[in-house]
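The figures here come from the full heavy-atom set of this structure, side chains too, leaving out hydrogens, waters and symmetry mates.
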Amino acid sequence: MRRIEILQLLKNDHKGKKVKVNGWVRTFRNDRFIALNDGSTIHNLQIVVDVDSCDEQTLKTLHTGAALEVIGLVVESQGKGQHIEIQADEVRVLGIAHPDEYPLQPKKHSLDFLREKAHLRMRTSTFSAVFRVRHAASFAIHKYFHDNGFFMMHSPIITGSDAEGAGEMFRVTQFDLDELPKDKAGKVDNSKDFFGKTTNLTVSGQLEAELGAMALGKVYTFGPTFRAENSNTSRHLAEFWMIEPEIAFADLKDDMDLAEDMLRSVISYVKEHCADDLAYLDNREQQEDKQKPTNERHEMGLLDRLDFVVANAYERLTYTEAIEILRNSTPFKKKKFKYPVEWGTDLQSEHERFLVEKHFKKPVILTDYPAQIKAFYMRLNEDGKTVAAMDILFPGIGELVGGSQREERYEVLLEKCKQFNIPEEHIWWYLETRKFGTCKHAGFGLGFERLIMFLTGMGNVRDVIPFPRTPLNASF
Ligand code: 4AD
Ligand code: MG
């Protein structure tokens, strides 16, 4: 008999048929009812065990976490919460999970506790929902770009350039660190290393994506990126996934339009295809909120938040306008902000949150930042002070997207490289695209985990990637 997945079983009418299902026991109640989950859906399948026909050994090992094979008849369910159940003829325990050792009990565990059990946490309703949503979002992103004529480009993970300046990098080496080859001056001789030079893990695929866009017109990358920043926050990972589209013959407005359209499309797709998982996560959040003081609760539920950002245009304003708003705000006047608000300094998350969550109450796109606080490749505006940058700030998340129109003028870019101390010999290949058929172009980077936080309502980035990498943590 072929096995049927629980999702399929619940979707179609199988009443009166005999089926075989597999899965892991979530609960076993009253020596009679098993809630079985096989990961295909958030919903458990109720199995009714006939104790008399079940052998003793099986009954003894029917514990939460055990892997089962069940053959039985699909019947209408008497209990509430499900429309069908299985009257088991045969129950086989394929893999036991000893109750004294199996860490997941049929009760609520804290997210902190589950992070320590990352190898098993995907078996909980919350995490399985999160990772199904993650899958759907990833698929929706590829679909969006594919449907819109973009080409997916694999940018390198090991890079010999550290021009991007997006953060501290992780070194890649084949050296035996106890026996490093030295040059005459006693310094490590990197020319003896695998690539004949210093190499690192990439912080971004953008520079390579730009080369792709200058040939294929519209490309995107979707790959892992690595940053050795020592920032232990709920929004930073040392290894995260980034989506970086790059479009030729396009300016900053085209870039913002693309980002908004893509986010709308991806969020709608996930809403449509993960309805059950999102309903579960929405409910979970409501329960969590009940434990919190009123002022810390969500003003809008998860599903409403998703609808809201699909239905409403994002507020677009310049950095300079944002500084004005912040300096006129009550928290500024009452000295409630910890960090200064002055033209020329970077906005801190408290400022971003004020703009998004208190002032505009919707996603905000900030543009035209001071040149000195943004990357060298961003296009210098006519005023000579600001660059054609854009950051998209989302409620509860902060910066979700960072992008810009790129500096396409060779001389201006060369001058920028000098100002940022980027040696020409490191970046000659990037500069050459500005010599040979240069054109205006733009792109952005979307932090995938931050998008998943928004989609699932999870408050910590460690809970939306299966195995998070953060300072002092690379277990599993
Ligand atoms: O703003 P960032 O640093 O931009 C770039 O890397 C550009 N090269 C993108 C481009 O124009 N192609 O990073 C882009 C996004 C951020 O807005 C944020 O969502 C996410 O990546 N991000 C992180 N996510 C998790 N952990 C971290 N440490 C992150 N750093 C950035
Ligand atoms: Mg940024």
Side-chain angles (χ1 to χ4, degrees), residues 161-167 203-211 213-214 227 242 244-260 314-327 339-349 351-352 355 363-393 398-424 426-427 430-431 433-435 438-447:
S161 83
D162 63 354
E164 167 95 21
V203 294
S204 154
Q206 177 198 324
L207 302 190
E208 291 86 356
E210 280 189 54
L211 314 182
M214 300 303 275
R227 297 190 186 178
M242 189 160 38
E244 295 183 276
E246 198 67 35
I247 39 178
F249 309 108
D251 61 14
L252 189 66
K253 179 171 181 306
D254 300 318
D255 201 32
M256 292 190 280
D257 291 347
L258 173 66
E260 258 198 74
Y314 304 171
E315 189 72 32
R316 298 182 183 189
L317 70 156
T318 66
Y319 165 91
T320 305
E321 289 162 341
I323 292 286
E324 273 303 292
I325 293 174
L326 287 167
R327 289 182 68 92
Y339 294 92
V341 182
E342 258 162 61
W343 200 95
T345 57
D346 213 352
L347 297 182
Q348 299 296 323
S349 101
H351 310 133
E352 297 178 345
L355 290 169
V364 169
I365 312 186
L366 288 186
T367 62
D368 306 290
Y369 284 75
Q372 73 265 23
I373 59 169
K374 288 290 185 189
F376 79 99
Y377 51 71
M378 297 191 177
R379 193 180 196 280
L380 194 63
N381 286 328
E382 296 303 306
D383 62 14
K385 290 191 308 192
T386 59
V387 286
M390 65 117 174
D391 274 7
I392 304 187
L393 313 176
E399 183 192 328
L400 177 66
V401 168
S404 75
Q405 187 173 333
R406 316 307 188 190
E407 185 55 76
E408 85 284 14
R409 297 163 295 186
Y410 181 77
E411 298 299 336
V412 183
L413 189 58
L414 197 62
E415 180 53 34
K416 266 292 196 63
C417 288
K418 287 202 186 102
Q419 281 172 24
F420 280 73
N421 290 320
I422 300 168
E424 223 183 303
H426 280 188
I427 192 117
Y430 184 74
L431 287 164
T433 54
R434 274 66 173 172
K435 275 207 300 207
T438 193
C439 69
K440 66 175 181 176
H441 62 287
F444 64 80
L446 165 69

Donor-acceptor pair, distance only, cut-off 3.5 Å: does the side chain of His351 make one with the backbone of Tyr339? yes

Between atom NZ of Lys374 and atom OG1 of Thr386, what is the distance when rounded to the nearest 0.5 Å? 12.5 Å

Scan Ile323, Thr367, Leu366 and name whichever one has a side chain to side chain contact (heavy atoms under 4.5 Å, CB included) with Thr318. Thr367

Inter-residue atom distance Leu446.CG - Glu399.CD, 0.5 Å rounding: 10.5 Å

My understanding is that only one of Arg406, Glu208, Met214 makes a side chain to side chain contact (heavy atoms under 4.5 Å, CB included) with Glu246; could you say which? Arg406

Can you give me the closest heavy-atom contact between Gly445 and Met242, atom names plus distance? CA-SD, 4.0 Å

Below 4.5 Å, heavy atoms only, C-beta onward: do Ile427 and Tyr377 meet side chain to side chain? no

State, yes or no, whether a side-chain contact exists between Glu352 and Val364 at a heavy-atom distance under 4.5 Å. no

Side chain to side chain contact (heavy atoms under 4.5 Å, CB included) assessment of Ile422 paired with Lys416: CA-CA 8 Å; Ile422 300 168; Lys416 266 292 196 63; over 6 Å; no

With a 4.5 Å limit on heavy-atom distance, are the side chains of Arg327 and Glu342 in contact? yes

What distance do Leu326 atom CG and Tyr319 atom OH have between them, rounded to the nearest 0.5 Å? 9.0 Å

Side-chain contact test, heavy atoms from C-beta onward, threshold under 4.5 Å: evaluate it for Glu415 versus Gln419 and give yes or no. yes

Checking side chain to side chain contact (heavy atoms under 4.5 Å, CB included) for the pair Tyr410/Thr438: CA distance, chi angles, key distance, verdict? CA-CA 8 Å; Tyr410 181 77; Thr438 193; over 6 Å; no

Could you give the distance from CG (Asp255) to CD (Glu260), rounded to the nearest 0.5 Å? 11.5 Å

Worked check of side chain to side chain contact (heavy atoms under 4.5 Å, CB included) between Cys417 and Glu424: CA-CA 7 Å; Cys417 288; Glu424 223 183 303; over 6 Å; no

Testing the basics here: between Ala259 and Ile392, what is the closest heavy-atom pair and its distance to 0.1 Å? CB-CD1, 3.6 Å

Which heavy atom of Ile365 sits nearest a heavy atom of Met256, and at what distance? CG2-SD, 3.6 Å

Tell me whether Gln372 at atom CD has more than 12 heavy atoms from other residues, nucleotides or ligands lying less than 6.0 Å away. yes

Looking at side-chain heavy atoms only, is the closest gap between Pro245 and Leu258 below 4.5 Å? yes

With the side chain counted from C-beta on, respond yes when Leu380 and Glu407 share a heavy-atom pair under 4.5 Å apart, and no when they do not. yes

When rounded to the nearest 0.5 angstrom, what is the spacing between CG in Leu413 and CE in Met378? 12.5 Å

Does Asp254 reach the side chain of Phe249, with side-chain heavy atoms less than 4.5 Å apart? no

Side chain to side chain contact (heavy atoms under 4.5 Å, CB included) between Asp391 and Tyr369, intermediate numbers included: CA-CA 9 Å; Asp391 274 7; Tyr369 284 75; 3.3 Å; yes

Taking all atoms of both residues into account, what is the closest heavy-atom pair of Ala371 and Phe420, and its distance? O-CZ, 4.2 Å

Counterpart residues, side chain to side chain donor-acceptor pair (under 3.5 Å), relative to Tyr430 (two or more places apart): Glu210, Arg434

In terms of heavy-atom contacts, Ala213 and Ala248 come closest through O-CB, 3.5 Å

Listed partners of Asp368 passing side chain to side chain donor-acceptor pair (under 3.5 Å), at least two apart: Asn381

Do Trp343 and Lys385 make a side-chain contact, defined as non-hydrogen atoms from C-beta onward lying under 4.5 Å apart? yes

Work out which heavy atom in Ala389 is nearest to a heavy atom in Ser404; give both atom names and the distance. CA-CB, 3.8 Å

I'd like to know if the side chain of Gln405 and the backbone of Leu252 have a donor-acceptor N/O pair within less than 3.5 Å. yes

